[in-house]
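Structure first, then comments.
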Amino acid sequence: MTKPMMDLRELVEKSADADLLRDMIGFAAERLMELEVGAKTGADYGEKNPARLVQRNGYRDRDWQTRAGNVELRIPKLRSGSYFPSFLEPRRATEKALTAVIQEAYVHGVSTRSMDDLVQAMGGTGISKSRECQIFCV
């Protein structure tokens with residue numbers, strides 16, 4: 001029992017705090033994904049279960065931006081259907097930032113027509129005029 005504690009102490013002393021925190025976040029995220037996929041498929045990884053609903057089909061890599069830094073995730077894929085981790089937001093950070101800028105400009109009185117022109121100039125298709133510039137259409 002003392003050996004794992006000594007290994008952990010050595011690890012903490014040798015690496016930077018951010019690296020350790022990033023590794024811990026990555027480990028916890030992978031365990032959470034495995035539990036979620038196990039519940040969705042009806043069986044854990046490598047388990048033979050007649051109640052299995054769907055088979056796994058490898059992994060896809062995705063970078064996750066956290067306060068501790070960039071965490072590389074391996075998100076499990078399914079043969080039929082899809083899986084997306086519950087702790088990740090499906091929208092990318094750049095889209096969220098752009099949406100926030102558009103909403104802020106609208107709050108400060110920029111006209112909807114000007115906002116629509118801005119969104120189109122930035123590569124979007126426009127904004128929803130029915131919801132008063134609250135929905136950014138890509």
Side-chain angles (χ1 to χ4, degrees):
M1 182 164 169
T2 58
K3 185 63 178 161
M5 289 300 291
M6 291 173 63
D7 291 339
L8 180 61
R9 182 172 293 147
E10 290 173 10
L11 180 65
V12 170
E13 291 172 356
K14 288 182 180 178
S15 66
D17 292 338
D19 292 340
L20 176 64
L21 184 58
R22 188 173 39 249
D23 291 342
M24 290 172 64
I25 290 171
F27 175 77
E30 286 186 21
R31 289 294 304 142
L32 181 59
M33 285 187 292
E34 289 297 325
L35 291 172
E36 288 179 347
V37 169
K40 188 166 186 163
T41 60
D44 289 332
Y45 180 76
E47 178 184 358
K48 301 212 182 283
N49 188 345
R52 180 183 293 273
L53 303 171
V54 67
Q55 301 288 324
R56 294 177 185 224
N57 191 25
Y59 295 89
R60 63 183 173 93
D61 296 327
R62 178 177 173 171
D63 291 337
W64 182 30
Q65 297 294 327
T66 66
R67 290 182 184 182
N70 190 27
V71 177
E72 296 175 4
L73 297 178
R74 294 180 60 219
I75 300 175
K77 294 192 300 185
L78 304 177
R79 288 190 189 248
S80 62
S82 65
Y83 166 72
F84 192 77
S86 63
F87 58 89
L88 291 179
E89 294 182 24
R91 297 175 68 192
R92 294 180 297 206
T94 54
E95 291 174 0
K96 285 180 65 175
L98 184 58
T99 302
V101 167
I102 292 169
Q103 289 175 346
E104 187 71 21
Y106 178 76
V107 167
H108 288 291
V110 177
S111 72
T112 306
R113 183 177 310 216
S114 296
M115 290 307 303
D116 191 45
D117 293 341
L118 174 65
V119 169
Q120 288 178 3
M122 295 174 85
T125 58
I127 55 175
S128 172
K129 293 163 183 64
S130 63
R131 302 254 338 249
E132 296 180 303
C133 193
Q134 293 182 1
I135 299 175
F136 174 70
C137 303
V138 177

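The chain is numbered in sequence order, starting from 1. We use all heavy atoms of the structure for the numbers below, so side chains are in, but hydrogens, waters and symmetry mates are not.
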Can a donor-acceptor pair be found, under 3.5 Å and without considering hydrogens, that links the side chain of K40 to the backbone of S82? yes
Give, for atom CZ of F87 and atom CD1 of I25, the distance between the pair rounded to the nearest 0.5 Å. 10.5 Å
For the hydrophobic clusters of this structure (ILVMFWY residues joined by side-chain heavy atoms under 4.5 Å, transitively), does one cluster hold both L32 and L21? yes
Could you list who else is in F27's hydrophobic cluster, with ILVMFWY side chains joined at under 4.5 Å, directly or through other members? none
One should read off an interatomic distance between Q65 CD and N70 CG, to the nearest 0.5 angstrom, of 4.5 Å
Would you check, one step at a time, whether the test side chain to side chain contact (heavy atoms under 4.5 Å, CB included) holds for Q55 with L78? CA-CA 6 Å; Q55 301 288 324; L78 304 177; over 6 Å; no
Shortest non-hydrogen separation from L73 to A29 and the atoms involved: CD2-CB, 3.8 Å
Validation row: P85, I75 side chains within 4.5 angstrom (heavy atoms): yes
Indicate the atoms forming the closest heavy-atom contact of R52 with A43, along with that distance. NH2-CB, 3.4 Å
In one Ile/Leu/Val/Met/Phe/Trp/Tyr side-chain cluster, 4.5 Å: F84, Y59: no
Could you tell me which residues satisfy side chain to side chain contact (heavy atoms under 4.5 Å, CB included) with E30, sequence neighbours excluded, listed by chain and number? M33
To the nearest 0.5 Å, how far apart are CG in N49 and OG1 in T41? 8.5 Å
Using 0.5 Å steps for rounding, measure from the CZ atom of R22 to the CD atom of E72. 9.5 Å
d(K77 NZ, R60 CZ) to nearest 0.5 Å is 8.5 Å
For Y83 against P76, the heavy-atom pair lying closest together: CD2-O, 3.7 Å
In short, G38 meets D44 closest at the heavy-atom pair CA-OD1, 4.0 Å
Can you name the closest pair of heavy atoms from V54 and S80 and give their distance? CG2-OG, 3.1 Å
